[in-house]
Novice: 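Take a look at this one; I'll ask things after.
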2 protein chains.
Amino acid sequence: MHCVVNKNALLNLINNVSRAVATRTTKQILSGILINLSSNTLIATAYDLELGIQDELSVQTEDPTFLQISEPGSIVLPARYFLDVIRKLPDEKVQIQTNSNYITKIVSGHSEFHLHGIDASEFPKLPSFLSSNAFKVSSKKLRSLIESTVFATSSSEVRPILTGLHVELNRDFLSFTATDGLRLATKKYPFEEVKNHTISAVLPGKSLNELAKILPDSDEEVVLQLSEGHSLFIFGSMHVYTRLLSGAYPDTSRLIPSQWKTELLINRSELLSAVDRAVLILRDKENNKVKMEIQNNEMSMSSNSPEIGNVQEQLWINEKSGEDVQITFNGRYVLDALRNLESETVTIRLNGSNQPFVILENQENGSLQLISPVLTR
Amino acid sequence: MHCVVNKNALLNLINNVSRAVATRTTKQILSGILINLSSNTLIATAYDLELGIQDELSVQTEDPTFLQISEPGSIVLPARYFLDVIRKLPDEKVQIQTNSNYITKIVSGHSEFHLHGIDASEFPKLPSFLSSNAFKVSSKKLRSLIESTVFATSSSEVRPILTGLHVELNRDFLSFTATDGLRLATKKYPFEEVKNHTISAVLPGKSLNELAKILPDSDEEVVLQLSEGHSLFIFGSMHVYTRLLSGAYPDTSRLIPSQWKTELLINRSELLSAVDRAVLILRDKENNKVKMEIQNNEMSMSSNSPEIGNVQEQLWINEKSGEDVQITFNGRYVLDALRNLESETVTIRLNGSNQPFVILENQENGSLQLISPVLTR
């Protein structure tokens, strides 16, 4: 294979794709990036068998120097070195040429690299898709669905299904839900396009986290396709594949209370700062216990670490209805929730000291955060 | 003790001082910051027994809210929590009050912390100084002396004296020198003030690195005092103490060749980029071997890693006199040297393949970098 390509375009391409390169693997091939040259495209692929990312550059008639392909072919190059080499090349033009021993020459300005590549036929095949089971969503909405929920996935492999995000599409709504058993985050958007089928799938949280980082913050359309074992997101020339998690996702709808004894409206950033200070002296192993007391129109928050000291915070509640209440929670969970909400105020709904409470984002299609109390003796 | 102080002024004060807090220690007192309130100053001190930093805030008649002291006294507070607490307080005014059990109340806005402090009498005393053995240097020059040399100190404790910077003051020059046995960096400034004594001391590289970070990039005067076992740097209200390393520093002056067989003038940033690419595929354990060949007015550089691949670089030499030569060196050492030089071009002087070579900064009072070749079979 042999081509000359614009340095920054290539760097951007392999930088995005490299998010799917396996970082800890004994299989050398998975730590590489596959480059395919056809007569008019350069395709880059990385695939760690859970997440796969593929994108391409095309020959441009209006700018012939952007990409010139003189000999099609393919090679797998070690991602880490390939990225570093391209990033540090001196000239904006890069020539890439592979010989029969998989040795790949990369030339730019007065700099010439030879990298040991691997036979492209050893690279794992990306899953194949039939285009039937597909729907569309705007990139911005998809990002928001992921970012509002993914932090609540479980990081423990005790129940692998909880490391995933539950994606549901029914006649009216597209919803994303995550729970680690102690908290739950869910967000849904009304779905205009009427479908004659429903979808329920569990996608790995880690992979969706990487997807969110490369999704443009625009209304660009993303096509989502689902097969038996995989999902595929397509936007522009970018293709992102993720494995589906197998097993039944717990029925979380019944966890969300439909009634409450106390409801309050409070400024989000003031609450966030107060919880941030309250957890400052706490440690994870002690569950980051923060105690909140609601009395009349005041909220007080406190935490205590026997070795370090204690904190008291006072906050004004904008509106309140229902009973006074006190509750103890894991401050880190409340921080995660509040940091990923955007509205100026949030609504909090409580059912006494021993029941989970809900934080609602006060905006159209806002997310819902459910947090279990830490039970104290 | 009891005071009310401006939040950002306090934060800046303890942030600077905290560079001398012990990070890995079993002595709890050394991980604290000592706060002393007198009738008109708040003094903050950190001292890990090697590096000590002390600075203060003073009562300002033109802005009485800057610092108000209602009860003098002192306390040691855990640095990590104290810093985090002050950083995150909601209001620009901070009230600090210590009770008889060393519990320190910190109040700002509707936020109230209680931190467990330690008896100030347990805090180690800073070294004392007689002001006789003192001289002055501009902050900018001192920073440049440290930054041009400190990277060449040894990081190994095999010869502890080499972890220090050799500071010499004679009738004409103030010079800083560092060497780890394989490379040497030295820089000197002519010294206007005629002294009737000479100074030769070895100061810990790590401590001077921290000092360089807080030295202002200005012509502000720094007073340097030396005693038997310690040095003290004073600029503004800031006092920085470092231990002296004991033992004789090797005589490095005879290492610097006064004759050479090849001399070249070359663009610094082009050379830097070429070496940066040459080391990209190399590893520390293989000495980062880069081979340089000078032939006529061209320099070629190459490196080779059996597993990854190889690199060739071509560079133009601006001027050259003397023999053609080839030499193999540790690319990381040359990178460290070139990154810490500022001139547009550098002069390189060589004495064949097996002798150390010199890189000179082409500017007034430039630094000198000496690098040993890696001998290849």
Side-chain angles (χ1 to χ4, degrees), chain A residues 28 77-91 101-118 267 269-283 298-316 335, chain B residues 28 77-91 98 101-118 269-283 298-316 335:
Chain A
Q28 212 195 334
L77 294 171
R80 186 185 135 197
Y81 295 101
F82 187 36
L83 254 170
D84 274 356
V85 167
I86 301 301
R87 185 178 294 123
K88 295 192 168 176
L89 286 177
D91 196 76
N101 293 323
Y102 310 117
I103 290 178
T104 303
K105 182 166 83 170
I106 302 174
V107 180
S108 172
H110 293 286
S111 180
E112 179 173 328
F113 281 83
H114 294 87
L115 291 183
H116 294 298
I118 307 177
N267 181 285
S269 68
E270 284 176 17
L271 181 61
L272 174 57
S273 302
V275 181
D276 196 19
R277 287 190 291 271
V279 299
L280 209 139
I281 55 164
L282 299 177
R283 297 182 186 174
E298 270 189 52
M299 178 188 284
S300 68
M301 218 176 298
S302 61
S303 69
N304 181 41
S305 162
E307 290 154 41
I308 313 300
N310 60 59
V311 198
Q312 271 95 44
E313 297 280 337
Q314 296 291 331
L315 288 111
W316 293 107
L335 267 190
Chain B
Q28 212 195 334
L77 294 172
R80 184 184 136 199
Y81 294 102
F82 187 35
L83 255 171
D84 274 355
V85 167
I86 300 300
R87 184 178 295 121
K88 295 193 169 178
L89 286 177
D91 197 78
T98 296
N101 292 324
Y102 310 117
I103 289 177
T104 302
K105 182 166 82 171
I106 302 174
V107 180
S108 174
H110 293 286
S111 179
E112 180 173 327
F113 282 83
H114 293 88
L115 291 183
H116 294 298
I118 307 177
S269 68
E270 284 176 17
L271 182 61
L272 175 57
S273 302
V275 182
D276 196 20
R277 287 190 291 270
V279 298
L280 207 139
I281 55 163
L282 300 177
R283 298 182 186 175
E298 269 190 52
M299 177 187 285
S300 67
M301 218 177 295
S302 61
S303 68
N304 180 40
S305 163
E307 291 154 41
I308 314 301
N310 60 61
V311 198
Q312 271 96 43
E313 297 280 337
Q314 296 292 331
L315 288 111
W316 294 106
L335 267 190

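Remember, predicted model here, so these are calculated numbers, not experimental data.
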Novice: Checking heavy atoms, do the side chain of B:Pro90, its backbone, both or neither come under 4.5 Å from chain A?
Specialist: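 It is both, since atoms from each part get that close.
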Novice: Test your reading of the model: is there a side-chain donor-acceptor pair from B:His110 to the backbone of A:Trp316, 3.5 Å cut-off?
Specialist: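 No, the answer is negative, given that no donor and acceptor are paired below the 3.5 Å cut-off.
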Novice: Among B:Ile308, B:Leu315, B:Val311, who wins on heavy-atom pairs under 4.5 Å with chain A?
Specialist: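 Ranked by contacts with chain A, first place is B:Ile308.
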Novice: Would you say the side-chain atoms of A:Arg277 pair up with the backbone N or O of B:Lys88, donor to acceptor, closer than 3.5 Å?
Specialist: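 The answer is yes, because a donor-acceptor pair under 3.5 Å joins these two groups.
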Novice: Flag the one option from B:Glu313, B:Gln314, B:Glu270, B:His114 with the top tally of heavy-atom pairs under 4.5 Å to chain A.
Specialist: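 Ranked by contacts with chain A, first place is B:His114.
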Novice: Heavy-atom distance under 4.5 Å between the side chains of B:Leu115 and A:Ile281, does that happen here?
Specialist: yes
Novice: Can you tell which part of A:Ser273 gets under 4.5 Å to a heavy atom of chain B, answering side chain, backbone, both or neither?
Specialist: neither
Novice: Using heavy-atom distances under 4.5 Å, tell me whether A:Glu307 contacts chain B through its side chain, its backbone, both, or neither.
Specialist: backbone
Novice: Rounded to the nearest 0.5 Å, what separates atom NE2 in A:His116 from atom CG in B:Asn310?
Specialist: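 With rounding to 0.5 Å, NE2 (A:His116) is 7.0 Å from CG (B:Asn310).
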Novice: Contact part of B:Val85 toward chain A, heavy-atom cut-off under 4.5 Å: side chain, backbone, both or neither?
Specialist: both
Novice: Do you know which of B:Arg87, B:Met301, B:Glu112 has the most heavy-atom pairs with chain A at a distance under 4.5 angstrom?
Specialist: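 Looking at each option in turn, the highest pair count goes to B:Glu112.
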